[in-house]
Amino acid sequence: MPDLQDDFARALVRAAAELGVTGEVEPGVEASAVPEVGDYSSALAFRLASVLRRPPRTIAEELASALRRNPGQHFGEVTVSGAGYVNLRIDYASLCPSVISRALHWGAVVSPDPAAGAKVVVEHTATNPNKAAHVGHLRNACIGDTVARLLRARGHRVEVQNYIDDTGVQVADVLVGLRHLGLAQREGEPYDRFCSRVYVEVCQRYEAEPSMLELRRDTLRQIESRRGEVAEAAKELASRIVDAHLLTMSRAGVAYDLLTWESDIIELGFLEHALAWMRQEAVITMPQAGTFRGCWVLPLEDLGGAEPEAGEAKVLVKSDGIATYTGKDVAYHLWKFGLLGLDFSYRLWSPQGPATTSADPGRAQLDPARYGHAARAVNVIDQRQSAPQRMVREALRRLGFESQAQSLHHLAYEVVALSPRAARELGVDTSDERSMYPLSGRRGVDVGADDLLDEAERQVRDKARDQLTASRLAASAVRYYLLRFGLNSIISFDFNEALRTSGDTGVYLQYAHARACRILARLEPQPLPAQLPPLEPAGRVLLRQLERFPRVVAEAADGLSPSLLASYTLALATAFNDFYEHSPRLYQVRDRDLRALGRGLVDAARATLARALELMGMHPLDRI
RNA sequence: GCCCCCUUAGCUCAGUGGAUCAGAGCGGCGCCCUUCUAAGGCGACGGUCGGUGGUUCGAAUCCACCAGGGGGUACCA
């Protein structure tokens, strides 16, 4: 179905051409701010005023008559208002049937992108596999998962990868704790929670006994060697935590196509190969003196032969021979774009779970051609890692992969912090009166993702019909809470706000959907009459929201902006609730045509709400 | 020091290709449940969009400077 707003924009461009305007014109069509003048408005006349050297109002009149001579499909009245706005009123009677029938047939692709086809790899979550996931990790996963769903709804081929950093310091820390602190898992304590506790303890011990840091260094070295008992234990620890994370994330509707293991990148020689390549191309150098003596570094600028000082280079391999995360990330991204010339083996992580990379060809189960080979990469990583992400891109560029460097997109988002109240509730000293307090796994100050989901479930349990409904409702509430903020907003986490069930919440959206389902259950399906009865104002608002859906999906997907979809869905649910409150009970409506129209709108709202909820990873509920 | 982000109603946040854009939710106030789900709807109250300048016919939105807050700038990630 053609898109009405686009049609209006195109018609305006044609009209401008009739007035003798050549070249690019931006019609600037928006929903009318004043409903009395129309449904869509354009400020084109203002923009043409300086070109045509006529008053905007005159130009608007000329545009309007050109539009009236040659109207588009579903165009109603064309008016001119204000100092020169051209307004279009929708012909609701003609638009209604096509909007409704389109809504009843949303497929996997809601809003096809003509440019889709190339593969997009979305990397998200990448939580250190050493402790329980907290609400900050959950924000990452919800953003990434929704972006992946949005891209698929545009017709892109998407592969979701979860990078498992199982050879980093955080895993080493918990391993040190497990092996040297003698802590025991408590009765009923989940393993990931237990490891969180060990992590906090070990971090405290480092402070008290700096000599313990030697244990960490040694552990890290053994992990990176990939041989021996310690390396095995690290793999075992990471595996158990990854299982816990997958379970947590699945509660929130988040799933992955592939787990990519850092240990495999090392074991299969990806890192060595990438480093050798960068040495050969003189992308990285080893300063003989100065701050970075004995490290392999990526110089940030041309220093004219001088040795780089702090801030002038990024270390990829430390002087002790251990690679930094950025070093490993370069190797990973060379593979991701299919540039490395080496590949993993692939098998299933669990029978129904995601695929995983493997360093053991003997256990390979899956076709390697399916994975990697990205044309475009979207990395969902919080804003604090902007600098390292730039380094990865810069390394690709200097190896001669300019187009891949440009196709690597760091989707940066702000962190979740604690509101002063939440911080107090978690026992943080807030006497310094800061505006927010950071989450800290290291200090044990965080909101566990599972705990939050559990708490949300308790909140809705008594009103939900069963346990499954309660858990889906809870997941919806949490997911929507984490998605409705813009990516540049720090979420000042507050329990009351996150667990609220009224107003601008996931529960409200689910309720609207379930309400539509309950209404439909009482009505026989019925074809729309050829001649539609007039639509009430609330119905017109609803129809306009329904008409807009594919456009919103396109904008949210192309702009990698889940919050756009969140605010749209709220507007749609509000329009539907408004329609519901201001229309007579449909099953009591005698007029057959009126009932058919109402049923059609409710069904379209139901289908569109369901699709919007799915795109946000929320399971649409037929009944609550 | 340098770089990035934020500052909009009492609170939490949308809105930033200029115009018809001062919006939502929460809280507080007043209404609406014999009738498809009231986790809903309606009404009133509430903001000189951090400040100052600039560009423009027109700025919450663009530019400059300033203030406050957060983050980065590590041989952590």
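Just so we're clear, the structure is a prediction, and the values are computed from it rather than from any experiment. Chain letters run A, B, ... following the sequence lines, proteins first and then strands; every chain starts at 1.
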The side chain of A:Arg500 lies closest to which of these nucleotides: B:A39, B:G25, B:A38? B:G25
Using the test side chain to side chain contact (heavy atoms under 4.5 Å, CB included), find all partners of A:Ala133 that sit at least two apart in sequence or belong to another chain. A:His137, A:His245, A:Met249, A:Ala449
Expressed as a whole number of Å, how far does the P atom of B:C62 sit from that of B:C29? 39 Å
At under 4.0 Å, does any side-chain N or O of A:Ser567 touch on OP1 or OP2 of B:G15? no
Separation of the C1' atoms in B:G54 and B:G40, to the nearest angstrom: 49 Å
Can you sort out the partners of A:Glu207 under salt bridge (charged side-chain N to carboxylate O under 4.0 Å, His left out), two or more places apart, ordered by chain and number? none
A:Ser489 side chain near B:A14 phosphate (N/O to OP1/OP2, under 4.0 Å): yes
Just to verify, what does A:Glu455 make a salt bridge (charged side-chain N to carboxylate O under 4.0 Å, His left out) with, not counting sequence neighbours? A:Arg458
Using a 4.0 Å heavy-atom cut-off, does A:Arg522 contact any base of the nucleic acid, only the sugar-phosphate backbone, or nothing at all? sugar-phosphate
Answer with base, sugar-phosphate or nothing: what part of the nucleic acid does A:Leu520 contact at a heavy-atom distance below 4.0 Å? nothing
Among all residues two or more places apart in sequence or in another chain, which pass the ring-ring contact (aromatic ring centres under 6.0 Å, His included) test with A:Tyr437? none
Report the base-pairing partner of B:U16 (Watson-Crick or G-U wobble, both distances below 3.5 angstrom), or none. none
Which residue pairs satisfy the side-chain hydrogen bond (donor to acceptor under 3.5 Å, both in side chains) criterion with at least one member in residues 554-570 of chain A, sequence neighbours excluded? A:Arg154-A:Asp558
State whether the distance check finds a donor on one side and an acceptor on the other, under 3.5 Å, for side chain A:Thr501 versus base B:A39. yes
What residue among A:Ile491, A:Ile490, A:Ile143 forms side chain to side chain contact (heavy atoms under 4.5 Å, CB included) with A:Phe485? A:Ile491
Hey, can you pull the donor-acceptor pairs under 3.5 Å for the side chains in residues 512-526 of chain A, sequence neighbours left out?
from: A:His513; atom 1: ND1; to: A:Leu621; atom 2: O; distance (Å): 2.7
from: A:Arg515; atom 1: NH1; to: A:Asn577; atom 2: OD1; distance (Å): 2.5
from: A:Gln526; atom 1: NE2; to: A:Arg592; atom 2: O; distance (Å): 3.0

When the P atoms of B:A24 and B:C63 are compared, how many Å lie between them, rounded to an integer? 28 Å
Taking atom P in both B:G23 and B:C31, what distance in whole Å separates the two? 27 Å
Reckon A:Asn577 has a side-chain N or O less than 4.0 Å from the OP1 or OP2 of B:G40? no
Assign A:Tyr587 to base, sugar-phosphate, or nothing according to its heavy-atom contacts below 4.0 angstrom with the strands shown. base
Measure from CG on A:Leu411 to C1' on B:C5 and round the result to the nearest Å. 14 Å
In this structure, which one of A:Gln510, A:Arg500, A:Glu497 forms a side chain to side chain contact (heavy atoms under 4.5 Å, CB included) with A:Thr505? A:Arg500
Between A:Ile624 and A:Asn87, which residue's closest nucleotide on RNA chain B lies nearer the 5′ terminus? A:Asn87
Got a list of protein N/O to nucleotides 73-77 of chain B N/O distances below 3.5 Å?
from: B:A74; atom 1: OP2; to: A:Gly311; atom 2: N; distance (Å): 2.8
from: B:C75; atom 1: O2; to: A:Ser319; atom 2: N; distance (Å): 2.8
from: B:C75; atom 1: O2; to: A:Ser319; atom 2: OG; distance (Å): 2.8
from: B:C75; atom 1: N3; to: A:Ser319; atom 2: OG; distance (Å): 2.6
from: B:C75; atom 1: N4; to: A:Thr291; atom 2: O; distance (Å): 3.4
from: B:C75; atom 1: N4; to: A:Arg293; atom 2: O; distance (Å): 3.3
from: B:C76; atom 1: OP2; to: A:Lys318; atom 2: NZ; distance (Å): 2.7
from: B:A77; atom 1: OP1; to: A:Tyr325; atom 2: N; distance (Å): 2.8
from: B:A77; atom 1: OP2; to: A:Tyr325; atom 2: N; distance (Å): 3.3
from: B:A77; atom 1: O3'; to: A:Asp165; atom 2: OD2; distance (Å): 3.1

Going by ring-ring contact (aromatic ring centres under 6.0 Å, His included), name the residues that satisfy it together with A:Tyr206, two or more places apart in sequence or in a different chain. none
What's touching nucleotides 66-69 of chain B from the protein side, N or O pairs under 3.5 Å?
from: B:G69; atom 1: O2'; to: A:Ser435; atom 2: OG; distance (Å): 3.2

Less than 4.5 Å apart, any side-chain heavy atom of A:Arg484 and any of A:Met616? no
Listed by chain and number, what are the side chain to side chain contact (heavy atoms under 4.5 Å, CB included) partners of A:Gln389, not counting sequence neighbours? A:Asp329, A:Asn379, A:Ile381, A:His410
Quick one: label A:Ala464 by what it contacts on the DNA or RNA (base, sugar-phosphate, nothing), any heavy atom closer than 4.0 Å. base
Determine the Euclidean distance between corresponding C1' atoms of B:C4 and B:A44; express it in Å to zero decimal places. 43 Å
Nucleotide forming a Watson-Crick or wobble pair with B:G27, both distances under 3.5 Å: none
B:A59 pairs with, by Watson-Crick or G-U criteria that keep both distances under 3.5 Å: none
Under 4.0 Å, heavy atoms only, any strand: does A:Pro584 hit a base, just the sugar-phosphate, or nothing? base
Residue closer to the 5' end of RNA chain B, A:Tyr508 versus A:Val29 (nearest nucleotide): A:Val29
Using a 4.0 Å heavy-atom cut-off across all strands, classify A:Asp578 as base, sugar-phosphate, or nothing. sugar-phosphate
In whole Å, what separates the P atom of B:C65 from that of B:U12? 29 Å
For atom C1', what is the distance between B:C36 and B:C45, given to the nearest Å? 34 Å
With respect to the side chain of A:Arg484, which nucleotide from B:U12, B:G25, B:A39 is positioned closest? B:U12
Looking at B:A67, which nucleotide sits across from it as a Watson-Crick or G-U wobble partner, both distances under 3.5 angstrom, or is there none? B:U7
Any idea which of B:C26, B:C36, B:C5 is nearest the A:Ser502 side chain? B:C26
Pairs under 3.5 Å (N/O, protein and nucleotides 29-33 of chain B):
none

Using a heavy-atom cut-off of 4.0 Å across all strands, would you classify A:Arg515 as base, sugar-phosphate, or nothing? sugar-phosphate
Of the candidate nucleotides B:U35, B:C13, B:A39, which contains the atom at the shortest distance from the side chain of A:Gln588? B:U35
Out of B:A24, B:U12, B:A39, which nucleotide sits closest to the side chain of A:Leu570? B:A24
Contact class for A:Gly28 vs. all strands (heavy atom < 4.0 Å): base, sugar-phosphate, or nothing? nothing
B:U7 and B:G46, which share atom name P, separated by this distance in whole Å: 24 Å
Report the base-pairing partner of B:G1 (Watson-Crick or G-U wobble, both distances below 3.5 angstrom), or none. B:U73
Write down the partner of B:U34 under the Watson-Crick or G-U wobble criteria, each distance required to be under 3.5 Å. none
Please give, in whole Å, the distance from B:C11 C1' to A:Asn496 CG? 11 Å
In whole angstroms, the gap separating P of B:A24 from CG of A:Leu509 amounts to 17 Å
Could you list the residues that satisfy side chain to side chain contact (heavy atoms under 4.5 Å, CB included) with A:Ser492, not counting sequence neighbours? A:Ser419
